[in-house]
Amino acid sequence: MADAQVTCINKQPRQNQYEGITHLGGAGWKWTRQQVIESIEAGNNSFYTLVDGNRGDIGVVDGPNGKYLRTYADGKWNDNLLSLPECT
């Protein structure tokens, strides 16, 4: 199982900020949100962010409009993904 750092995201403007994320990427890779969700749920890979030296593990959350991704750090869910720059 790989432990991949997410360093960028792509999003489209929408009302729901979590569903707005379309892709996540890192050094040499870029996956759709759905690919990351499926990989986490299957136990194939883990993903994390590193913001200001703090690691935030990425998890799948069941929201009212379906599954989305959030980071979990310091014992709570947060929105570190949204602070990442856009992938090129």
Side-chain angles (χ1 to χ4, degrees):
M1 176 166 87
D3 189 33
Q5 181 180 357
V6 175
T7 58
C8 63
I9 60 168
N10 290 123
K11 58 188 175 199
Q12 58 187 23
R14 292 172 71 166
Q15 296 288 51
N16 186 320
Q17 62 185 349
Y18 307 113
E19 289 181 0
I21 295 174
T22 60
H23 293 79
L24 296 90
W29 66 274
K30 182 175 164 183
W31 284 9
T32 66
R33 179 187 71 221
Q34 188 59 38
Q35 287 174 303
V36 172
I37 288 171
E38 290 171 2
S39 183
I40 291 170
E41 291 185 327
N44 294 332
N45 297 289
S46 59
F47 299 86
Y48 68 96
T49 61
L50 198 59
V51 177
D52 296 327
N54 296 317
R55 180 185 171 115
D57 292 312
I58 297 174
V60 179
V61 177
D62 280 316
N65 297 315
K67 295 179 181 180
Y68 65 92
L69 298 165
R70 285 189 89 178
T71 50
Y72 190 81
D74 300 324
K76 61 184 177 191
W77 290 102
N78 56 58
D79 298 327
N80 284 349
L81 284 174
L82 298 173
S83 68
L84 296 176
E86 287 280 319
C87 298
T88 55

**Student:** Can you find a heavy atom in the side chain of Leu82 that is under 4.5 Å from one in the side chain of Ile21?
**Tutor:** yes
**Student:** Would you check if Tyr68 and Leu81 make a side-chain contact, meaning some heavy-atom pair closer than 4.5 Å?
**Tutor:** no
**Student:** Within this structure, what is the SG-CD1 distance for the pair Cys87 and Ile9, rounded to the nearest 0.5 Å?
**Tutor:** 7.5 Å
**Student:** Could you tell me whether the side chains of Asn78 and Thr71 share a donor-acceptor contact shorter than 3.5 Å?
**Tutor:** yes
**Student:** Identify the heavy atoms of Asn80 and Ser83 that sit nearest to each other, and give their distance.
**Tutor:** O-OG, 2.7 Å
**Student:** Measure the spacing between CD1 of Ile40 and NZ of Lys67 and express it to the nearest 0.5 Å.
**Tutor:** 11.0 Å
**Student:** Could you tell me which non-hydrogen atom of Asn45 sits nearest to which non-hydrogen atom of Ser39, and how far apart they are?
**Tutor:** ND2-OG, 2.6 Å
**Student:** Can you tell me how far apart CH2 (Trp29) and CG (Leu24) are? Round to the nearest 0.5 Å.
**Tutor:** 6.0 Å
**Student:** What is the ring orientation for Tyr72 with Trp77, classed by angle as parallel under 30°, tilted 30 to 60°, or perpendicular over 60°?
**Tutor:** perpendicular
**Student:** Can you name the closest pair of heavy atoms from Thr7 and Pro85 and give their distance?
**Tutor:** O-CD, 3.4 Å
**Student:** To the nearest 0.5 Å, tell me how far Lys30 NZ sits from Gln35 CD.
**Tutor:** 11.5 Å
**Student:** Check whether Phe47 and Val60 end up in the same hydrophobic cluster, where Ile, Leu, Val, Met, Phe, Trp and Tyr are linked by side-chain heavy atoms less than 4.5 Å apart.
**Tutor:** yes
**Student:** Between atom CZ of Arg33 and atom NZ of Lys11, what is the distance when rounded to the nearest 0.5 Å?
**Tutor:** 13.5 Å
**Student:** In Å, rounded to the nearest 0.5 Å, how long is the span from OG1 of Thr49 to CG of Leu69?
**Tutor:** 11.5 Å
